[in-house]
Amino acid sequence: MTRLFIDGQEVVLSENFELELITENPYFTRNGEYTYDIDIDLRDPGNRRIYQNINRSDVTKGLKNRKATLMSGALEIISGVEVVLSIENYTAKIQIVAGNSQLNYEGGDTDIRSMVLDGISMTSQQAIDTLFGKFPENNVVYPPVVNYTESDGSFSILNNVEVGEDISFTDVENISPQYYLLYVIENLITKLGFTKGINELEDDPVWSRLFIVNPYKDSVLQELLPDWTINEFIEQIELYLDCIIVIDKIDKKFNIISLNKYFENQDIVYLDDVVDDSTEKTYDVDTNYAFAYTYVSYDLPSDEYYNYLKLKEGVRENCSTVSSPEWDDFKTKYDQYYSGPYILHSEDYGLDYVVTDYSVSGETKKGLIIVDRFKDAGNLDSRDKSSFQIVPAEVEKIEIHSTTGGRYLIGPAVKKLRVDPESTAINDLINSSGNNTDIPDRLYVGIYYGIQKALNRGPNEYPGEYWDKMPMGSNDRYFIQKPTTLGGDQSILTLPDYTITLDGDNGLFNRVYKNKREIDTSVEYTFQFLTNKVYDLNRIFVIRNKKYYCKEVHYKITPKGMDKIAEGIFYLADSE
């Protein structure tokens, strides 16, 4: 017998109803469990009490976030939240959603910038303490950030520090938290009504150091995010971090799991009672959500900084490549390499450069700039491409004073210039474009590298603990200094091997994306089988001695309970 409970109250179902329960695997579809429409007769006195005369025109109070449980005898078919779809005369149409379907429902098309996320404010000492850790020990970090260009061309720096015997802020009133991306994800999912379970990305050396660049001293966390819906944000996160956010349908916990580990060490389910002649094969299926990492790229802005970071199509093909054992061997031929189409490659760092102009103390000097570090990766001939809207922030040279060393240290800081509000004078408002807000077009991120040795270090040892070190945020382990005022010399700083470059031995493609489990989703196998339970789909299913991954299962529910015949759609795990 089928019974429906809303917030513990039993609903009277019609005598001849029939509905379908669908369980989907979020690995393939981003959905979880849900039912199709359930019709509730509001003329029944008991149902009327539960639904509070919702069909009357003068009743404006909505019904939301009520627990809904559908039972088949002692078997719980689905337990989630009730969604009221419509009210027509004396019939309420509802749906039950659970697991990842509940996550999609709670998020929906809501603008993520309209959410009220938990910002963080710290004392100066607490902020200094964050410089010695990463996520999850800290939810934010306070490294120097370039956020403004002064009238003389110099930079204004948030979280500016002075080093020596210890580390301190030069202006404790001018500090701003840089939110770790994993914290923002967890805070968002918690705000949607779920509790944290496991986050496997906490142990990743890069993801645990990735932060969203915040150029504002006083800011609201959600306003640092692009103009995306919550579901768009989650999709971008799962794509870039190669993960899946899974909602446990029983305890409503969210688990952030690496895609590569989703099917690891899972139980084997044997479907022995397959209905004869029920097998169907569907070819050339267009799966919209199965992430593809054969060819990956950043969707970078089209401005000067990013034009060097990732060379445009055709640039490299029209250049001659000159190689040398050491990068500073190129210095004697700057004029030649500047005037011709040359890309320079040094074997010591394995980097590519071009000769460019730098403005140094009002003078123009030629020097090397590292290029194409954020080029595309993978099989560049493949049409199976993923393009990331989460992109590396700009990096700029800054100088930090060392009181013990008696000098200025040089190192990288992430850069994102703040947008000042336009004039509020009435005539300026009338004639302005009306664009007074800074809504980022992408999600700009940096890596916190910790407190590292800087450039311009002294030759001798000093008693100061941090005499030659500074906290550093960047987007790559390599940083090249602008030419010096005297002599035009340059130096390359090498940081720990954390990077969000795509190509290269430790780039994201080789370290993360290339390892994605290969599943042929172009052919779907449909089987009907006998069952008396609702299966979890993060399992390996064995059907007629072959292993399959399950995309979804459909169950028919009648007044008598769950029909014994279910139908599932599967992908082959074994090669044929």
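All figures in this text were calculated on a predicted structure; none of them were measured in a lab.
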* Asked: What do the steps show when you test Ile390 against Leu241 for side-chain contact (heavy atoms from CB on, under 4.5 Å), and what is the final call?
  -> CA-CA 10 Å; Ile390 301 174; Leu241 301 184; 5.8 Å; no

Could you walk me through whether Asn214 and Ser176 pass the side chain to side chain donor-acceptor pair (under 3.5 Å) check?
CA-CA 7 Å; Asn214 174 18; Ser176 178; 2.8 Å; yes

| message | Is there a side chain to side chain donor-acceptor pair (under 3.5 Å) between Tyr283 and Lys281? Walk through the geometry before answering. | response | CA-CA 7 Å; Tyr283 294 91; Lys281 292 174 68 174; 3.2 Å; yes

Exercise answer: donor-acceptor pairs, residues 206-213 side-chain atoms, under 3.5 Å, sequence neighbours excluded:
unit_1, atom_1, unit_2, atom_2, d
Ser208, OG, Asp204, O, 2.6
Arg209, NH1, Pro205, O, 2.6
Arg209, NH2, Tyr498, OH, 3.1

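The salt bridge (Lys or Arg N to Asp or Glu O under 4.0 Å) test applied to Asp41 returns Arg43, not counting sequence neighbours. Applying the side-chain hydrogen bond (donor to acceptor under 3.5 Å, both in side chains) rule to Glu280 yields no partners; only residues at least two apart in sequence or on another chain are considered. Listed by chain and number, the residues in a side-chain hydrogen bond (donor to acceptor under 3.5 Å, both in side chains) with Tyr34 are Glu24 (sequence neighbours excluded). Residues satisfying the side-chain hydrogen bond (donor to acceptor under 3.5 Å, both in side chains) test with Asn104, not counting sequence neighbours, are Asn31. Evaluation of the side-chain hydrogen bond (donor to acceptor under 3.5 Å, both in side chains) rule for Ser72 yields no partner, not counting sequence neighbours.
Cation-pi geometry between Lys310 and Phe374 is not satisfied (NZ or CZ under 6.0 Å from the ring centre, within 45° of the ring normal).
By the neighbour-count criterion of 12 heavy atoms within 6.0 Å, atom NZ of Lys547 is sparsely surrounded, having that number or fewer from other residues, nucleotides or ligands. For Asn545, the CG atom is loosely surrounded, since the number of other residues' heavy atoms within 6.0 Å does not exceed 12. Counting non-hydrogen atoms of neighbouring residues, nucleotides and ligands closer than 6.0 angstrom, the CG atom of Asp109 reaches no more than 12 such neighbours. For Ile198, the CD1 atom counts as loosely surrounded, since its 6.0 Å shell holds 12 or fewer non-hydrogen atoms of other residues, nucleotides or ligands.
Atom CG of residue Asn515 and atom CG of residue Asn510 lie 8.5 Å apart, to the nearest 0.5 angstrom. Distance CZ/Phe509 to CG/Asp376: 11.0 Å, rounded to 0.5 Å. In this structure, Leu42 CG and Thr91 OG1 are separated by 6.5 Å, a value rounded to the nearest 0.5 Å.
Side-chain atoms of Val523 and Leu572, non-hydrogen and from C-beta on, never get closer than 4.5 Å to each other. No side-chain heavy atom of Pro136 sits under 4.5 Å from any side-chain heavy atom of Asn199.
Ring geometry for Tyr548 versus Tyr525: interplanar angle over 60°, hence perpendicular rather than tilted (30 to 60°). In this pair, Tyr306 and Tyr444 present their aromatic rings tilted. The plane angle is within the 30 to 60° band.
A salt bridge does not link Lys516 to Asp242: none of the charged side-chain nitrogens sits closer than 4.0 Å to a carboxylate oxygen. The pair Asp39-Lys93 meets the salt-bridge criterion, with a side-chain N (NZ, NE, NH1 or NH2) lying under 4.0 Å from an Asp/Glu carboxylate O. Using a cutoff of 4.0 Å between basic side-chain nitrogens and carboxylate oxygens, Glu10 and Arg3 are scored as salt-bridged. Between Lys196 and Glu202 a salt bridge is recorded (basic side-chain N to carboxylate O distance below 4.0 Å).
Of the N and O atoms on the side chains of Lys551 and Tyr549, not one donor lies less than 3.5 Å from an acceptor on the other residue. Residues Glu20 and Tyr555 have side chains that never bring a donor and an acceptor to within less than 3.5 angstrom of each other. A donor-acceptor contact closer than 3.5 angstrom links the side chains of Asp520 and Ser522.
Taking the six-membered ring where the residue is Trp, the centroids of Tyr27 and Phe263 are separated by under 6.0 Å. Between Phe388 and Tyr513, the ring centre distance stays below 6.0 Å.
Of the possible polar contacts, none joining the Asp273 side chain to the Phe529 backbone as a donor-acceptor pair under 3.5 Å is found. Checked by atom type and distance alone, the side chain of Asn475 pairs as donor or acceptor with a backbone atom of Ala393 at under 3.5 Å. Counting only distance, with no hydrogens or angles, the side chain of Glu82 and the backbone of Ala68 share no donor-acceptor pair below 3.5 Å. Between the side chain of Asn100 and the backbone N or O of Val246, no donor-acceptor pair lies under 3.5 Å. Although no hydrogens or angles enter the test, the distance criterion places a donor-acceptor pair under 3.5 Å between the side chain of Asn187 and the main chain of Asp118.
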